[in-house]
Amino acid sequence: MVRYEEVTARRFLTRTLIHNGAILPLSIVDFNGNSSQMVSSFEMETSETVFENHPVAIIAKNKTTLDVMKELNNYLIQLSEFNLKSITEYLQMKDLFINTIQQHQPYSKNEALAIRLIWI
C-alpha cells in the first residue's frame with residue numbers, strides 16, 4: 001500500500017522524481033524561483049536544500065481537485081507493490097502532470113504540487 005503527503009519544502013533534493021511522465025534520479029526541485037528551472041539534475045546541495053528520501057511526484061495544482069486526490073489515494077492504497085512505472089502511467093493517464101512544452105520552465109508553488117510517495 002502506498003500513501004502520499006504534500007512536500008512543503010520550497011527547495012529539495014529527491015532520490016527519485018516523477019515529473020512530466022519521466023522518472024528521474026537525484027533531482028533538485030526549486031519552487032523559490034531563484035533558479036532558471038524548477039527541476040534540475042543534482043549538482044550541489046545548499047544549506048536551504050531539504051533531502052526527500054521517498055520518491056516525489058510533481059503534479060499540476062490546478063488539476064488536483066478533492067475528487068481527483070481521493071481517486072489517486074484509492075489507487076495508491078490498492079497497490080500490492082511499490083511500482084513507480086505504474087504510478088507514473090496512472091498520473092499520465094489521469095493527465096495530472098503540468099505538461100508544458102518547455103519542461104525546464106520555472107514554476108511557482110501555486111502551479112505545481114509536490115507529493116511524497118510512501119510505501120507502508
Side-chain angles (χ1 to χ4, degrees):
M1 173 171 30
V2 179
R3 69 180 171 93
Y4 73 88
E5 301 172 345
E6 183 176 355
V7 176
T8 57
R10 299 205 44 85
R11 178 181 166 85
F12 58 91
L13 165 65
T14 184
R15 186 179 310 275
T16 307
L17 180 69
I18 301 172
H19 178 55
N20 282 344
I23 301 171
L24 308 170
L26 283 176
S27 298
I28 296 281
V29 178
D30 187 348
F31 288 124
N32 288 321
N34 299 336
S35 173
S36 62
Q37 49 192 341
M38 179 186 71
V39 174
S40 58
S41 297
F42 174 69
E43 291 176 12
M44 121 179 128
E45 199 171 342
T46 66
S47 61
E48 63 187 43
T49 305
V50 174
F51 179 67
E52 283 293 335
N53 191 38
H54 298 284
V56 172
I58 303 292
I59 57 179
K61 200 171 227 181
N62 65 344
K63 298 177 183 180
T64 57
T65 65
L66 186 57
D67 288 340
V68 166
M69 297 312 280
K70 281 182 183 178
E71 191 176 328
L72 173 61
N73 187 59
N74 289 337
Y75 169 76
L76 292 174
I77 61 174
Q78 292 178 15
L79 290 177
S80 60
E81 63 182 13
F82 195 69
N83 185 327
L84 287 176
K85 185 176 179 190
S86 67
I87 293 171
T88 303
E89 289 170 352
Y90 176 86
L91 295 172
Q92 198 155 22
M93 178 185 69
K94 294 297 183 174
D95 191 31
L96 292 177
F97 292 119
I98 293 172
N99 294 330
T100 62
I101 294 171
Q102 299 174 343
Q103 290 185 6
H104 298 294
Q105 171 185 345
Y107 307 111
S108 72
K109 193 78 169 154
N110 296 330
E111 298 169 280
L113 178 67
I115 56 172
R116 172 187 309 115
L117 301 168
I118 303 170
W119 174 253
I120 43 175

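This structure is a prediction, so every number in the text was calculated from the model and none was measured.
One distance of note links OH of Y4 with OH of Y75; it measures 14.5 Å at 0.5 Å rounding. Residue L117 holds its CG atom at 10.0 Å from OG1 of T16, rounded to the nearest 0.5 Å. Within the model, atoms CG of L13 and CD1 of I28 stand 4.5 Å from one another, a figure rounded to the nearest 0.5 Å. How far CG of L96 is from CE of M69: 7.5 Å, rounded to the nearest 0.5 Å. Taking CE of M1 as the start and CD1 of I120 as the end, the distance is 4.5 Å to the nearest 0.5 Å. We find the CD1-CG distance between I98 and D95 to be 11.5 Å, quoted to the nearest 0.5 Å.
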What's the verdict on side chain to side chain contact (heavy atoms under 4.5 Å, CB included) for V7 and V29, showing C-alpha distance, side-chain angles and the deciding distance? CA-CA 11 Å; V7 176; V29 178; over 6 Å; no
Given the rule in the side chain to side chain contact (heavy atoms under 4.5 Å, CB included) test, do Y90 and E71 qualify, once you have shown the distances and angles that lead to the verdict? CA-CA 11 Å; Y90 176 86; E71 191 176 328; 3.4 Å; yes
Assess whether side chain to side chain contact (heavy atoms under 4.5 Å, CB included) is satisfied between R11 and T49, documenting all intermediate values. CA-CA 5 Å; R11 178 181 166 85; T49 305; 2.9 Å; yes
Apply side chain to side chain contact (heavy atoms under 4.5 Å, CB included) to the pair L79 and I87, showing each step before the final yes or no. CA-CA 9 Å; L79 290 177; I87 293 171; 3.8 Å; yes
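N53 is listed as a side-chain neighbour of R15, based on a closest heavy-atom distance under 4.5 Å. With contacts defined as side-chain heavy-atom distances shorter than 4.5 Å, the pair N20/V39 does not qualify.
Annotation for T88 and A22: closest pair CG2-N, 4.5 Å, computed over non-hydrogen atoms. The two residues A9 and F31 make their nearest non-hydrogen contact at O-CD1, 4.1 Å. P25 and S27 make their closest contact through O-OG, 2.9 Å (heavy atoms, listed as atom of the first residue, atom of the second, distance). Of all non-hydrogen atoms in I77 and N74, the two that sit nearest each other are CG1-O, 3.4 Å. The nearest pair of heavy atoms linking F97 to I58 is CD2-O, 3.5 Å. Contact detail for T14 and V56: the closest heavy-atom pair is OG1-CG2, 3.6 Å.
Cluster membership for M93 and V2, using ILVMFWY side-chain heavy atoms within less than 4.5 angstrom, is shared. Hydrophobic cluster membership differs between V50 and I118, with clusters built from Ile, Leu, Val, Met, Phe, Trp and Tyr side chains linked at under 4.5 angstrom.
No hydrogens or angles considered: nothing links the side chains of R3 and N73 as a donor-acceptor pair under 3.5 Å.
K94 contributes no side-chain N or O that, together with a main-chain N or O of V68, makes up a donor-acceptor pair within less than 3.5 Å.
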